[in-house]
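These notes are about the structure you will find just below.
Here the structure is a predicted model, which means the values were calculated and not measured.
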Amino acid sequence: MSERRAVVLLSGGLDSATVLAIAQSQGFACHTLSFDYGQRHSAELKAAIALSEEMNAVEHKVVKIDLRTIGGSALTADIDVPEHQSEGIPVTYVPARNTVFLSIALGWAEVLEADAIFVGVNAVDYSGYPDCRPDYISAFEVMANLATKRGVEGNHLQIHAPLMKLSKADIIQQGTKLGVDYSKTISCYQADSHGRACGRCDSCRLRQQGFLEANVVDPTLYQG
């Protein structure tokens with residue numbers, strides 16, 4: 001195993017699959033992590049498991065956290081997923097989700113003696129989520145190195161967000177060069193049990209536009 005270990009947050013979507021390929025291209029032995037957090041469908045978890053195996057991650061873990069107990073999002077409560085552009089932070093924002101996910105990734109990274117966590121947050125096509133901004137990632141990295149045994153002993157951990165300043169088209173073009181099979185990814189907020197995308201939610205619209213602008217054939221399986 002490579003001495004450079006990383007924990008990669010892998011949702012099963014387009015962005016996180018690209019991040020996994022980027023981390024591997026940089027020579028990291030990647031341990032992938034997904035969350036069963038009470039989201040609207042489990043198709044993305046199945047996709048993450050399959051992608052982890054197909055892309056030769058060292059191991060994959062699925063951690064169960066029930067964020068439905070607090071709700072507050074169209075992904076974790078009985079709130080309709082919007083199918084039109086909205087102003088401000090959309091109802092698909094899940095309160096504190098990235099903070100919860102990164103905290104667990106941080107714990108696993110410390111156990112693995114990994115020096116990196118990779119996450120697919122994006123400040124260009126990020127739908128207005130506050131926990132996808134550069135300032136947030138920088139602040140979490142500072143906290144991570146203050147809050148861990150490895151950090152205070154001088155083993156600096158870095159949070160990598162390689163998609164932060166890329167458009168969806170840029171991401172698709174980079175992933176395509178790295179051999180990512182986007183037909184295996186699921187980005188839709190309300191995919192059906194077969195993993196077929198609705199084609200109408202914010203995530204689907206961003207994905208469709210990305211493939212169009214990247215001049216890459218969209219391999220997504222849509223409903224109907």
From [atom1] ([X]) to [atom2] ([Y]), nearest 0.5 Å:
{"X": "Lys46", "Y": "Ser34", "atom1": "NZ", "atom2": "OG", "answer": "14.0 Å"}
{"X": "Cys30", "Y": "Arg4", "atom1": "SG", "atom2": "CZ", "answer": "10.0 Å"}
{"X": "Ile159", "Y": "Leu106", "atom1": "CD1", "atom2": "CG", "answer": "6.5 Å"}
{"X": "Phe28", "Y": "Ile117", "atom1": "CZ", "atom2": "CD1", "answer": "11.5 Å"}
{"X": "Ile186", "Y": "Leu221", "atom1": "CD1", "atom2": "CG", "answer": "9.0 Å"}
{"X": "Arg196", "Y": "His41", "atom1": "CZ", "atom2": "NE2", "answer": "13.0 Å"}

_So that I can tick it off, tell me whether Lys165 and Asp170 are bridged by a salt bridge, with the cut-off set at under 4.0 angstrom between side-chain N and carboxylate O._
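No salt bridge links Asp170 with Lys165.
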
*Are Lys149 and Glu110 within salt-bridge range, i.e. N to O under 4.0 Å?*
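A salt bridge is absent here (no side-chain N lies under 4.0 Å from a carboxylate O).
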
*asked:* Would you call the rings of Phe101 and Phe35 parallel, tilted or perpendicular, taking 30° and 60° as the class edges?
replied: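 Plane angle under 30°, so parallel.
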
*asked:* Over 60° means perpendicular and under 30° means parallel, so tell me whether Phe118 and His160 are parallel, tilted or perpendicular.
replied: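 It falls in the parallel class, under 30°.
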
*Would one find more than 12 heavy atoms of other residues, nucleotides or ligands at under 6.0 Å from atom CG of Asp66?*
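Atom CG in Asp66 is packed in, count exceeds 12.
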
*Hey, is CD on Glu53 packed in by over 12 heavy atoms from elsewhere, all under 6.0 Å?*
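At most 12 heavy atoms, drawn from other residues, nucleotides or ligands, come within 6.0 Å of this atom.
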
Check [X] against [Y] and note the closest heavy-atom contact, atom names and distance.
{"X": "Asp131", "Y": "Arg97", "answer": "OD2-N, 4.0 Å"}
{"X": "Cys198", "Y": "Tyr222", "answer": "C-CD2, 4.5 Å"}
{"X": "Ile171", "Y": "Tyr182", "answer": "O-OH, 3.3 Å"}
{"X": "Gln24", "Y": "Ala57", "answer": "NE2-N, 4.1 Å"}
{"X": "Arg200", "Y": "Gln190", "answer": "NH2-NE2, 4.2 Å"}
{"X": "Asp218", "Y": "Gln208", "answer": "OD2-CG, 4.0 Å"}

Find out whether [X] and [Y] are in side-chain contact, i.e. whether some heavy atom of one side chain is under 4.5 Å from a heavy atom of the other.
{"X": "Val119", "Y": "Val19", "value": "no"}
{"X": "Leu10", "Y": "Glu44", "value": "no"}
{"X": "Cys132", "Y": "Asn98", "value": "yes"}
{"X": "Thr176", "Y": "Gln173", "value": "no"}
{"X": "Leu157", "Y": "Glu141", "value": "no"}
{"X": "Tyr136", "Y": "Leu102", "value": "yes"}
{"X": "Thr185", "Y": "Arg207", "value": "yes"}
{"X": "Asp15", "Y": "Lys168", "value": "yes"}

*Identify which one of Val8, Ile49, Leu51 satisfies the side chain to side chain contact (heavy atoms under 4.5 Å, CB included) criterion when paired with His60.*
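The single option meeting the side chain to side chain contact (heavy atoms under 4.5 Å, CB included) with His60 is Ile49.
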
_Thr32 (side chain) donor-acceptor with Glu59 (main chain) under 3.5 angstrom_ =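 Flag set: sc Thr32 to bb Glu59 pair under 3.5 Å.
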
